[in-house]
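Please read the structure below before turning to the comments.
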Amino acid sequence: MFRKISLFIITLLLFHSCMLKGKEVPKDKVIVRFWHPFSADSSLGKTLLGLIAEFNKKHPEWSIKAEGMGSYSVLKQKLIASIIAGNQPEMSLAYEAWIAKFYKADKLVHMDEMFSSTQEWEHLKRDLFKAFLASCMIDNKLISMPFNKSVPVLYYNKNIFSKNSIKRPPRTWEEFIRISKQLTKDNNNDGKPDFWGIISRANLTDFLNFLKQNKGEILDKKGENTLFNKKEGVQALKFFLSWKYIHSIADFYSGGNPYSYQNDFTAGRCAMIIGTCVSRFFMQKKLTFPLGTAPIFMHKKKAVLVYGTNIVLFNKATALQRKAGWEFIKWFTSPEITALWSKKTSYMPVRKSALKTKILQDEFRKDPELRSSIMQLEYAFLEPAFDSWAFGREYLSEAIDNVLIDTDIESAYDEFSNKKITLDQFEKIIEERASFHLNKAANKMKKWML
Amino acid sequence: MELFNVKRSISKIITYLVLGVGGMIMIFPFYWMAMSSLKSPDEIIKFPPTLIPEAKYYIENESSDEDMERVEIIQEIGDKVKVKIIRGLDIGKVITLPKEKLIKKRFIFENYLRAWLAAPFDRYFLNNMFMASSVTFLGIITSLLAGFAFAKMNFPFKKSLFMILIATLMIPGQMLLIPNYIILAKMRWINTYYALIIPLSVQIFSIYFLTQFIETLPQDIFDAAAIDGCTPLQVLKEIIIPLSRTVILTTGLIAFIGSWNALLWPLIVTNSPEMRTLQVGLAVFRQESGTDWELLTAAATFSLAPLILMFFFVQKHYIEGIARSGLK
């Protein structure tokens, strides 16, 4: 009898404790749930929570409740599921392609309607970096605001550069090849390099950078046709492949941990890598050499891809929640706070006026190279915001992966190394295979364009 | 006779050698994880990798959050030493300091402390333990009831229902994430222990496992129990449970390990840090542009410790359960 009663009480307690939820916020506050992709306990997450706590302290009538999803893919899945279920948060971070979908489904607040005056909106338009402003606009309406934006930068080992009497990092494709050749070494004389000019991963974003720098385009203006598989795209992919197959200055990763190449750099296996500006934040404590930062090398046209998400307000929010959310967004993107966010995380400041704040001026004095990385924003571009791209980009990413393990190129490389074919013949094979893979991706993407 | 003994000894040696090598191969990933958790951030990514952490010199860090800065000895000058800082914010700086301020370390046990403090792992452990225990307890109950029904009771469409149940094993879990999330959202269970426990409490594999085992029990026992006037619940309690102890332990262990290691489901159905579980906590160390490998391996090691301890206690029953379930 006693055992039965005990079992019953334990079962009751079990179900009662199931009712337990997370910490509750007092009922008189206006609560705005804000979803983001960072883990709450990660360094980036803690920095964000610290800033949110500062805002909440200044505005006791509101409470911005940040909920970290741990990754962008989980954030995307949860946002879609929550919108279908009708319990989406009031505010969230999102990529431009997702924002385009939410806008089409009429789920978003038009932020240009939240300004108290036209002058305020005009001032913001002038102060935001052009690429960031473009990323926030759909149909001439302000649908989002830039939040955690980053650009690619070239990281280099200052010790290696100085030992090889190289005064500055490469600024053009040609300089990059020349410097990398100088830095690539076969220290143990086994015929294979053991120190590389650069280590890279099979990387869609690098390809897009090279495509644009080669005056190519990703899609046409309506998003109905692919352009990355044209001549400019083939040449861009050929440039990427030439690092390994023609100039022997690079080692490549394909698949696996996306930051393995960063580990190789910090472990001293190469002189340079292309990474995001935020990578600096993670590499610092692993470095055993002084780190150099520079804009990435350019070609016919200056272009760098902007990564990162914007912040949106969902129109499910009440008027009070929208006001609280909007005030938070304005505060977070104000010059002082965006400068502080940039300093603490290495993300880009979203406003030009932030560059003049004491916070960033002090940072530039400590490391002048930081300014040149930020100035890449003047010629930054975005990925297309079409549905077709949101779903189809995976095919292009797959194509880049596949071209790096293409057996035809490997066989031709062996023949070229054994002098059975000439350089011209080898380059022709590389172009053909690059074209093949890009066209394959383009064909697969067609179904999303219908 | 002697030749036979020699052959037997050689055969034993070879068997133990093969098992030993196999065992070493199985243990190596755990060894690697434990050793990595004791390395410094630069040593963990070093190539070629080190099997045992190398002894290095450090000094106390006065200017940043990190505990220590790694240094290289340049010159010894009497009772002082000239060092160059080779990792940290002051990288490249050369300083002279008394020898006693130099710390030589091989194993960085501080990684465990830093990993523990990086996130509320005490709360995550509690959530994990509660979730795994509840899922196991409820899973055993539902599996026993369903297993008994499918094995020994007769009802319409029994076979078809069983096939449908088994067929659901072929559906990838990721496909069900969004539909399940929507159902839980409509029930207002998101960010509650209900969402963490109830959906995981029915384990099709455990139902199948127990069904197969109960089918092997002789029908005579059940006929005798029926003659004696036992109700189905009494049959379950007095006959099936005592005979199925090892199999129940096995299914319980599988359920416990599965729910202990669950990542995607808790990540999807919880929003606030107070509701998160251990595996979600480990994701702290895999960040947007890099991974803190030394902290991740330290956290993974202390996360695995309860599972390994538990397995040591129940392994005999687990192996017996696996072996028994196939016997007729």
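In what follows, chains are A, B, ... by sequence order, proteins preceding strands, each numbered from 1.
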Any chance you could measure A:R269, atom CZ, to B:I45, atom CD1, to the nearest 0.5 Å?
11.0 Å
Is B:K186 reaching over with its side chain to a backbone N or O of A:G86, donor-acceptor style, under 3.5 angstrom?
no
Worked check of side-chain contact (heavy atoms from CB on, under 4.5 Å) between A:V74 and B:L264:
CA-CA 8 Å; A:V74 171; B:L264 196 53; 4.2 Å; yes
More than 12 heavy atoms of other residues, nucleotides or ligands under 6.0 Å from NZ of A:K163: yes or no?
no
Can A:K78 and B:I268 be said to form a side-chain contact (heavy atoms from CB on, under 4.5 Å), step by step?
CA-CA 7 Å; A:K78 282 188 81 161; B:I268 293 281; 4.0 Å; yes
Chain A contact via B:F121 - side chain, backbone, both or neither, heavy atoms under 4.5 Å
neither
My understanding is that only residues two or more places apart in sequence, or in another chain, count here; which of them pass salt bridge (charged side-chain N to carboxylate O under 4.0 Å, His left out) with A:K149?
A:E96
Do other residues, nucleotides or ligands put more than 12 heavy atoms under 6.0 Å from the NZ atom of A:K343?
no
Tell me every residue that passes side-chain contact (heavy atoms from CB on, under 4.5 Å) with B:K104, counting only those two or more places apart in sequence or in another chain.
B:A55, B:Y57
Heavy-atom distance under 4.5 Å to chain B: side chain of A:S71, backbone, both or neither?
neither
Once you round to the nearest 0.5 Å, how far does OG1 of A:T288 lie from NZ of B:K84?
9.5 Å
Checking an interface table here. Which of residues 174-182 of chain B come within a heavy-atom distance under 4.5 Å of chain A?
B:L177, B:I178, B:Y181, B:I182
Contacts of B:S143 that satisfy side chain to side chain donor-acceptor pair (under 3.5 Å) - sequence neighbours left out:
none
Taking C-beta and beyond as the side chain, do B:R188 and A:N87 meet within less than 4.5 Å on heavy atoms?
no
Quick check on A:K316: does its NZ atom have over 12 non-hydrogen neighbours (other residues, nucleotides or ligands) under 6.0 Å away?
yes
Quick check on B:E294 against chain A: is it the side chain, the backbone, both or neither that has a heavy atom closer than 4.5 Å?
side chain
Is it the side chain or the backbone of B:T270 that comes within 4.5 Å of chain A heavy atoms, both, or neither?
backbone
Do other residues, nucleotides or ligands put more than 12 heavy atoms under 6.0 Å from B:I171 CD1?
yes
I'd like to know if the side chain of B:N271 pairs up with that of A:K65 as donor and acceptor (distance under 3.5 Å, no hydrogens or angles considered).
no
